Amino acid sequence: MESEERRKFFGKSALIGAGVVAAPMTAAMFASTAQAQRKELAMSPVVHPGELDEYYGFWSGGHSGEVRIMGIPSMRELMRIPVFNTDSATGWGLTEESKRVKGDSADIMMGDSHHPHMSMTDGSYNGKYVFINDKANSRVARIRCDIMKCDKMLTVPNVQAVHGLRVQKAPYTKYVVCNGEFEIPMNNDGKDGMRDVSTYRSLYNVIDAETMEMAFQVMVDGNLDNTDADFDGKYFASTCYNSEMGMNLGEMISAERDHVVIFSLAACEAALKAGKFKTYNGNDVPVLDGRKGSELTRYIPVPKSPHGLNTSPEGKYFMANGKLSPTVTVISIAKLDDLFANKIKPRDTVVAEPELGLGPLHTAFDGRGNAYTTLFLDSQIAKWNVEDAIKAYKGEKVNYIRQKLDVHYQPGHNHTTQGESRDADGKWLVVLCKFSKDRFLPTGPLKPENDQLIDISGDVMKLVHDGPTFAEPHDCIMVHRSKVKPKKVYTRDEPTFAETLAIAKRDGVDPMSDNKVIRDGKKVRVYMTSVAPTYGMSEFTVKLGDEVTVIITNLDQVEDVTHGFCMTNHGVQMEIGPQQTSSITFTANKPGVQWYYCNWFCHALHMEMRGRMFVEA
Ligand code: CUK
Ligand code: CUA
């Protein structure tokens with residue numbers, strides 16, 4: 001399309017040059033020439049004031065622990081979704097509702113989020129959930145896309161450091177899959193043998209996407225890194241970077257080859273049904289044995305220390321990115337049936353191993369047969385043609401490299417618009433660069449990351465935008481806005497505060513109308529409503545040392561009128577969205593007059609939206 005534009009443009013210029021067009025150029029002609037030239041340069045990432053972006057971006061926040069919503073192509077940050085972190089503005093991690101979501105990890109205030117991926121139906125994003133892993137505390141969380149809040153969190157047992165995460169793509173996301181990275185003894189009880197490395201294992205984790213409970217785990221050889229699923233609902237694949245089970249760097253990179261583990265979902269489910277599993281560490285999660293020789297898995301040798309694992313969007317290939325090897329290993333998914341039937345050898349499934357440059361980490365796709373691989377060490381994106389790479393592997397003399405583009409600097413993940421789904425549309429590529437160095441005004445020793453936007457709609461990749469981001473986006477997805485339908489206000493049947501409403505019911509309180517203090521021994525529950533710019537209660541009284549829970553229901557129905565609640569000098573603050581009920585607990589440990597106030601700017605009289613807690617000594 002673009003080279004066609006170019007031909008038209010040059011064609012017109014040539015005609016003008018030849019004097020065929022006698023009339024002088026009109027302003028309109030100049031304008032259209034300029035327009036054509038701009039088109040020539042790149043698609044514009046500019047989204048004018050008042051206009052909306054075409055794509056939702058879901059960004060991992062790395063060790064900030066959050067997820068961010070970006071607008072693409074403007075690269076504007078639209079929202080932050082606190083997940084594994086603790087958030088001052090919304091009260092995430094502080095409110096009773098968020099603590100319930102966090103469950104057994106409610107006391108953990110931080111996390112390290114890496115891989116946000118949306119649920120799918122038949123290989124297309126379905127706009128329902130985004131799942132994300134926490135490497136730091138071995139957790140997986142779910143974000144509900146109708147409210148864009150985290151609604152479930154699970155600590156994965158028997159593993160340490162949950163890293164790669166993806167979803168089952170077809171027929172629908174029944175399972176979320178993720179890798180346990182750090183190998184540990186299966187019964188990690190600090191008793192005998194914890195220094196005996198031969199007892200260490202890594203597990204592949206399969207989670208029920210609806211209940212967010214463990215379905216089963218699969219024990220593997222080596223440790224695991226990244227993972228992805230096919231488009232048939234049959235296979236998952238994971239890279240392993242430490243097949244040696246080394247305990248230090250030298251040991252981890254000693255072998256020339258590591259492997260990709262292929263998991264057969266049907267074989268795993270059959271083993272589960274047949275009761276062929278064990279349990280460990282006193283929990284009841286079934287652990288299947290998928291080590292070498294098992295019917296559940298196959299091990300495909302690849303050059304050492306592979307990292308990213310990506311499925312091409314037409315569903316034909318798993319790609320393992322070389323990291324220490326300059327190659328990407330292309331595995332034919334169509335050959336996996338034969339591999340599991342022992343008709344071919346593991347390496348027979350490899351149909352290409354193109355050499356791309358130094359430090360290939362992750363690969364993205366445009367849906368037109370091209371792949372885009374980040375080269376961490378070269379600070380480049382290599383664009384290459386998959387079918388040409390396959391021809392070259394067969395010995396044909398073809399150049400599969402289409403272009404190498406400098407990026408700034410040291411890229412990790414990259415992602416194309418809808419590129420991990422069937423609907424890869426080949427418009428934009430985002431590259432998440434780990435270093436920004438000289439690209440922005442200096443911000444002291446700590447510098448932002450640099451998320452670069454690249455136009456891939458034409459034959460040639462064009463860098464169009466530098467986007468600074470705070471630590472540390474690892475991965476992202478870009479979803480067409482038509483797939484996501486968020487609510488404007490909460491509905492009263494919202495599950496995330498259903499438990500709070502149940503407590504109110506037990507207290508005989510109607511949160512939609514009552515303003516009441518319920519005393520329950522040393523515990524005090526303060527129910528109040530809010531309507532801009534007032535709370536339903538402008539004062540209440542407790543005793544010094546009481547454990548106070550403030551439960552607020554925001555009666556406002558107007559979109560965007562969020563209230564807050566902050567008890568001054570008590571370290572608590574929360575968000576109450578329109579039609580939402582939120583609650584937060586603190587100890588009344590200061591006598592006298594304590595003001596509470598609304599901290600979300602809601603009204604011209606927002607400053608006046610406050611009240612007194614009298615604490616009797
Ligand atoms: S990993 Cu960060 S660059 Cu956690 Cu997906 Cu590859
Ligand atoms: Cu309510 Cu500010």
Side-chain angles (χ1 to χ4, degrees), residues 59-65 89 111-117 132-136 140 161-166 178-182 223-228 238-239 241 305-310 319-324 328 359-364 373-377 407 409-415 420 430-435 449-451 469 471-477 528-538 552-556 558 560-566 573-578 580 582 595-611:
W59 252 234
S60 97
H63 45 295
S64 75
D112 184 8
S113 62
H114 281 230
H115 301 112
H117 290 285
I132 182 114
N133 68 300
D134 170 21
K135 176 165 168 170
V140 174
V162 168
H163 188 231
L165 175 146
R166 293 292 174 125
C178 55
N179 290 329
E181 186 179 351
F182 302 155
N223 66 192
L224 298 173
D225 194 356
N226 278 291
T227 186
D228 207 344
S238 290
T239 47
Y241 69 77
S305 297
H307 182 61
L309 196 296
N310 303 93
M319 304 206 181
N321 295 256
K323 190 169 76 182
L324 295 192
V328 165
L361 289 189
H362 296 280
T363 295
T373 300
T374 52
L375 302 174
F376 182 80
L377 297 171
V407 292
Y409 303 87
Q410 268 79 39
H413 273 275
N414 61 351
H415 212 91
E420 67 173 1
V430 161
V431 180
L432 305 175
C433 297
K434 299 295 183 189
F435 295 83
E449 320 289 300
N450 187 10
D451 299 349
T469 41
E472 173 189 322
H474 278 259
D475 194 6
C476 65
I477 57 168
M528 64 173 98
T529 56
S530 69
V531 178
T534 53
Y535 292 116
M537 230 188 269
S538 58
I552 300 183
T553 299
N554 182 358
L555 300 183
D556 277 306
V558 182
D560 214 359
V561 180
T562 295
H563 295 290
F565 174 85
C566 173
Q573 175 161 289
M574 65 177 175
E575 161 203 2
I576 315 114
Q580 187 182 17
S582 305
W595 282 95
Y596 52 92
Y597 73 98
C598 170
N599 45 13
W600 287 80
F601 210 110
C602 55
H603 192 275
L605 295 172
H606 156 79
M607 300 304 291
E608 287 81 353
M609 187 166 173
R610 57 191 172 111

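This is a predicted model, so every value here is computed, not measured. Every number for a ligand or one of its atoms is a count from 1 in the order of the listing.
When atom 2 (Cu) of ligand 2 is compared with the N/O/S atoms of His606, atom ND1 turns out nearest. Per residue His362, closest N, O or S atom to atom 6 (Cu) of ligand 1: atom name NE2.
Inspection of the Thr373 and Thr363 side chains reveals an N or O donor paired with an N or O acceptor under 3.5 Å. Checking His163 against Asn133 by side-chain atom types alone, no donor-acceptor pair falls below 3.5 Å.
A side chain to side chain contact (heavy atoms under 4.5 Å, CB included) with His307 is found for exactly one of Thr374, Leu324, Leu361, Thr239, namely Leu361. Remark: of the listed residues Ile477, Asn310, Leu432, Ile477 is the sole one forming a side chain to side chain contact (heavy atoms under 4.5 Å, CB included) with His415.
Per-residue contacts place His307 under 4.0 angstrom from the following atoms of ligand 1 (heavy atoms of the residue considered): 1 (S), 3 (S), 6 (Cu). Heavy-atom contacts of Gly412 reach the following atoms of ligand 1: 3 (S) (cutoff under 4.0 Å). Close contacts of ligand 1 with His163, meaning ligand atoms under 4.0 Å from a residue heavy atom, involve 1 (S), 4 (Cu). Interface of His114 with ligand 1, defined as ligand atoms under 4.0 Å from a residue heavy atom, comprises 4 (Cu).
With a 6.0 Å cutoff to the six-membered ring centre and a 45° limit on the axis angle, Lys323 counts as a cation-pi contact of Tyr241.
For the atom pair NE2 of His563 and CG of Asn599, the computed distance is 11.5 Å after rounding to the nearest 0.5 Å.
Under the 4.0 angstrom criterion for non-hydrogen atoms, Asn226 is in contact with ligand 1.
Summarising the geometry of Val162 relative to Val140, their closest heavy-atom pair is CG1-CG2, 4.1 Å, with the distance given to 0.1 Å.
Looking at atom 2 (Cu) of ligand 1, its nearest protein heavy atom turns out to be His474 ND1, 2.2 Å.
Vertex atom 5 (Cu) of ligand 1; arms to His413 atom NE2 and His115 atom NE2; angle 100° (nearest 10°). Rounded to 10°, the angle that O of Trp600 and SG of Cys598 form at atom 2 (Cu) of ligand 2 is 90°.
With respect to Lys135 and Glu181, a salt bridge is recorded, a charged nitrogen being found less than 4.0 Å from a carboxylate O.
Taking backbone and side chain together, Cys602 holds an N, O or S atom under 2.8 Å from atom 2 (Cu) of ligand 2.
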